[in-house]
Every structure is written in structure tokens, then in C-alpha cells.
Amino acid sequence: MTKLDKYKGVIPAFYACYDDEGNISPERIQMLAKHYLEVGVKGLYVGGSSGECIYQTVEERKLVLENVMEAVGGKMTIIAHVAAPSTQQSIELAQHAESLGVDALAAIPPIYFRLPEAAIAAYWNDIMDSTDLDFIVYNIPGTTGYALTPTLLKQLVKNDKVIGVKNSSMPVQDIYLFKNNIKDDFIVFNGPDEQFVGGRVMGADGGIGGTYGAMPELFLAADHAIRHNNMDLAREIQYRINDIIFSFFECEGNMYDVIKLILAKRDLNIGRARKPLQPATEADRAKIDAIAANINAAVAQYKPVYA
Ligand SMILES: CC(=O)N[C@H](C=O)[C@@H](O)[C@H](O)[C@H](O)CO
Ligand SMILES: CC(=O)C(=O)O
């Protein structure tokens, strides 16, 4: 068992939990966190895209993390995503997360302005310098417009706090770039859920994903198949996962709103996605019923792989 084993596995990106008025719901946060603990995932990634972080205030984000920690802290690995519009707010969130006892911090690059790489490095280093926690660099060029380079990563890892990269770029070969020749005992998390199996084969140690929370059992089954070298089964499960993810995208509503409506059908009501994320439409409702049934069928089929 190495110090980094606690990060190796299936880590759902935790969804924003609101009450029926759209305010942060401590009860629903605790309910959802306990649900994932029971399902048996390795940890939770709190306050990322799936947590709708950019649509929440610093105070709201603190409340979210406090409730996750109260419900499952110490029982699962908790990674707090703390990037916020300013460095000052990001540091405030980082220090708050440290005071709650999370395992690690993660951050996207600075948002909105296209800043030079030196400013991006300084942003990540400022956050790292503000706590003693492990730090995960988040590479998600599709949404941030900045693609992490191995050159910058080699510079960043001079700081021992950097333990890994969450890689959400699309080329699976980027996992090789961030895994190979960076430093010993370095973690890469697969980002795109549609290529969880491909990323793992390329060397990702685990995954953090935005759709895991809708069907964690399928990712646990795929993870089990990979660990047991059953690649035909791993691929079969990945294809089933992808059919489900692509059906999310056939809805007019935003994926997170669609997923929330699916979770509500399983007695996991966490409210709706915040605007400007588009709400699911009436026309989506029938599709959502069918997707929920498809997820249930896939879970019934593949949960026995690991359970
Ligand atoms: C761009 C984006 O949000 N990527 C997420 C994180 O890597 C993924 O987990 C996606 O939510 C998922 O692959 C669905 O497309
Ligand atoms: C999907 C993901 O990793 C996030 O919520 O940031």
C-alpha cells in the first residue's frame, strides 16, 4: 500500500445538491454522499464542474464541502476542487478545505482571461503554497482553453505537493505524456468517461468523472474487469456506458439537469441544475424515463461483476 493508493479507483464528481427553491441543501448533500459511500466508490471529487462550482459563491461552496465531510469524511477519499475566479478566493477555499481534513485539492487553470503560462503556474503554486495538502492539477482544455504541457507539469512537480493530474483532454495519448517521465509514483486520473477503459489501458490509475454519479456501479464493474484483465468484458461495459452518456446528450436540457432527474427517480432528489445550464424540457421527460430504465437494466446486468 503506497501513500497514493487511496486515489486509485472510481471517484465520482459530486453533483450540486439544491432544495426545491434552488438553495444549497445540506440534507440532500449528506444523503447523496452517504449513498455513494454505500455503493462502494473510492472517493468523491467535490466542487468541480459537476458541482456547478462556477455558479456558486465561496460561502455556498464551503457549505457543500462541510456537509460532505460531515456525512462521509474519513470514510472515503475526498478531493476538493477549489478553483474560483480569483487567487484569493481559491486560497480561501483551499484553506477551508484543509481545516475540514480533506485528502487533496484540485484546481483548473484561471478562468476567463487567456493568461500566459507563467501566470497559470503562479496560480497553481499560490494555491499549493497556502496549505500542506496533496494537489492535483486539472487539465480540461475543452472548457478552459488551456492545454497543460509536459514542460509545465515537469516544472510544477518540483513542488512535492503535486501528486497527479486529472486529465480531461480527449487524446488518450496525453495520459502517456503525463504519466511517463514526470516523476515516480504519480497519479493520472482519466477524465472523459466515454474512454474510461481506454484511459486505464494507457496507464491512468483511476478516474474522476461527471457521469459516474449517475451509474457508479457500471464504472465499478468496468474497473473490476480491467483489474482482472478481462478486457472483453471491460469493453462491453464501456460500450454500454457510452450508449447511456450519448443518450444524455440527445436531451435538450443540460446533462447535469438530466442526470438529476434520473437520480430523483431513484429516490435521490437533489433538485435541479442552476441556470444558465438549461433545464430539461417536457420533450426530454420521456427520454429520461427510458434512460433511467436503461441504467437500471445495465446496473442489474453488470453489478454482479464486482458485487
Ligand atoms: C468536459 C467534462 O466535463 N469532462 C468531464 C470530466 O472530465 C467528464 O467526466 C464528462 O462529464 C463525461 O465524460 C461526459 O461527457
Ligand atoms: C467531471 C469532473 O471531473 C468535474 O466535475 O470537474
Side-chain angles (χ1 to χ4, degrees), residues 7 9-17 29 32-33 36 41-56 61 64-65 68 77-84 90 93 97 104-109 111 136-148 164-172 174-175 178 187-200 202 204-216 218-219 222-223 237-251 253-260 262-263 270 273-274 277 291 295:
Y7 299 108
V10 173
I11 303 190
F14 196 70
Y15 302 124
C17 299
I29 291 168
L32 189 66
Y36 293 135
V41 295
K42 192 87 183 176
L44 295 174
Y45 178 84
V46 183
S49 333
S50 308
E52 301 174 34
C53 68
I54 58 167
Y55 304 134
Q56 295 181 355
R61 293 177 64 178
V64 170
L65 192 60
V68 170
T77 301
I78 304 293
I79 302 168
H81 176 261
V82 296
S90 308
L93 286 169
L105 301 175
I108 53 170
I111 63 170
I136 296 157
V137 177
Y138 192 170
N139 183 43
I140 181 162
T143 54
T144 64
Y146 169 74
L148 179 68
V165 171
K166 168 172 166 18
N167 187 57
S168 296
S169 70
M170 295 310 256
V172 171
D174 285 356
I175 290 171
F178 299 143
I187 299 272
V188 176
F189 297 94
N190 183 74
D193 305 356
E194 297 86 339
Q195 49 199 39
F196 176 76
V197 172
R200 294 292 297 283
M202 188 57 93
D205 304 278
I208 297 172
T211 69
Y212 299 2
M215 44 187 167
L218 299 186
F219 288 94
D223 180 70
I237 300 169
Q238 178 76 75
Y239 280 22
R240 198 63 190 272
I241 286 169
N242 290 11
D243 287 344
I244 294 165
I245 295 177
F246 293 135
S247 66
F248 295 152
F249 295 137
E250 280 164 17
C251 296
N254 177 269
M255 180 183 88
Y256 297 122
D257 199 51
V258 167
I259 288 177
K260 287 180 193 203
I262 291 168
L263 290 175
I270 55 168
R274 255 186 197 176
L277 301 173
I291 300 170
I295 292 176

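All ligand and atom numbering here is 1-based and tracks the order in the structure.
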K.L.:
Using heavy atoms and a cut-off under 4.0 Å, could you grab the residues that are in contact with ligand 2, chain by chain, numbers ascending?
P.N.:
Ala13, Tyr45, Gly48, Ser49, Ser50, Tyr138, Lys166, Ile208, Gly209, Gly210
K.L.:
Of the non-hydrogen atoms in Tyr138 and Ser168, which two are nearest, and what is the gap between them?
P.N.:
CE2-OG, 3.3 Å
K.L.:
Looking at CD1 of Ile245 and CZ of Arg240, how far apart are the two atoms once the value is rounded to the nearest 0.5 Å?
P.N.:
13.0 Å
K.L.:
Using 30° and 60° as the class boundaries, would you call the ring planes of His81 and Tyr45 parallel, tilted or perpendicular?
P.N.:
tilted
K.L.:
Find out whether Thr211 and Phe219 are in side-chain contact, i.e. whether some heavy atom of one side chain is under 4.5 Å from a heavy atom of the other.
P.N.:
yes
K.L.:
Name all residues meeting the side chain to side chain donor-acceptor pair (under 3.5 Å) criterion together with Arg274; count only those two or more places apart in sequence or in a different chain, and write none if there are none.
P.N.:
Glu60
K.L.:
Who passes side chain to side chain donor-acceptor pair (under 3.5 Å) against Asn254, sequence neighbours left out?
P.N.:
none
K.L.:
Count the heavy atoms of every other residue, nucleotide or ligand shown that sit under 6.0 Å from OH of Tyr55, and state whether that count exceeds 12.
P.N.:
yes
K.L.:
Please list, by chain and number, the protein residues whose heavy atoms come under 4.0 Å of ligand 1.
P.N.:
Tyr138, Ile140, Lys166, Ser168, Gly191, Pro192, Asp193, Glu194, Gly209, Gly210, Thr211, Phe249, Met255
K.L.:
Does Gly206 offer a backbone N or O that forms a donor-acceptor pair with the side chain of Asp223 under 3.5 Å?
P.N.:
no
K.L.:
Nearest 0.5 angstrom please: Asp174 CG to Met202 CE, how far?
P.N.:
9.0 Å
